[in-house]
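Hydrogens, waters and symmetry mates are skipped; everything else that's a heavy atom, side chains included, is used.
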Amino acid sequence: MSSRLSVIFYIILCLEIGIVLTVLPWVPHGWLGLSDWSNNYFLLLASHKAGYGLQRVVASGWVRGAVSGIGILNLGMGIWELLNFRQTVRALDSGQASVESSRQNSSERVAANDAQPAKPDPLSDYPRRNH
């Protein structure tokens with residue numbers, strides 16, 4: 001049950017962040033009480049400290065497009081997790097990673113470790129002081 005709730009909350013989080021990051025940079029000033037993307041308190045404070053060119057950079061279409069692209073990636077992750085819900089829950093319940101890696105047989109690993117003698121860490125011969 002815990003794994004199902006975790007996956008559900010993750011899906012909701014991905015979809016919510018995706019919608020906000022995709023839409024918010026393009027919302028006009030005053031729409032539903034939201035301010036303009038490039039004219040908010042924190043950006044004005046940061047541009048006052050770092051230089052006023054920062055506000056122009058954030059207001060550019062390139063940055064807005066990049067933020068919207070990250071939002072679309074979040075929407076894609078949320079939809080992918082929604083479509084693969086059962087597989088993700090089963091992976092969390094079993095305690096295994098959902099991505100399988102190439103694994104060696106345990107006998108091959110033991111044989112590879114036995115073939116190489118253990119080397120001690122090199123320590124300096126400098127005598128230690130006893131205080």
Gap between atom CG of L82 and atom CE of M77 - 0.5 Å precision:
13.5 Å
If you look only at pairs with a residue in residues 69-89, which of them pass as a salt bridge (Lys or Arg N to Asp or Glu O under 4.0 Å), with sequence neighbours excluded?
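Qualifying pairs: none.
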Could you list the donor-acceptor pairs under 3.5 angstrom formed between side-chain atoms of residues 3-19 and any protein atom two or more places apart in sequence or on another chain?
| residue | atom | partner | partner atom | Å |
| --- | --- | --- | --- | --- |
| S3 | OG | D93 | OD1 | 2.7 |
| S6 | OG | S2 | O | 2.9 |

Transitive ILVMFWY cluster of I72, excluding itself - 4.5 Å side-chain cut-off:
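I72 shares its hydrophobic cluster with no other residue.
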Would you list the atom pairs, donor with acceptor, under 3.5 Å between side chains in residues 60-68 and any protein atom, with sequence neighbours excluded?
| residue | atom | partner | partner atom | Å |
| --- | --- | --- | --- | --- |
| S60 | OG | V57 | O | 2.8 |
| R64 | NE | A59 | O | 3.4 |
| R64 | NH1 | P25 | O | 3.1 |
| S68 | OG | T22 | O | 3.2 |
| S68 | OG | W26 | NE1 | 2.7 |
| S68 | OG | R64 | O | 3.1 |

Got a list of side-chain donor-acceptor pairs under 3.5 Å for residues 42-51, not counting sequence neighbours?
| residue | atom | partner | partner atom | Å |
| --- | --- | --- | --- | --- |
| S47 | OG | L43 | O | 3.1 |
| S47 | OG | L44 | O | 3.0 |
| H48 | ND1 | Y52 | OH | 3.0 |

Return the set of residues passing side-chain contact (heavy atoms from CB on, under 4.5 Å) with L73 (not counting sequence neighbours), or none when no residue passes.
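Partners of L73 by the side-chain contact (heavy atoms from CB on, under 4.5 Å) criterion come out as none, since no residue qualifies.
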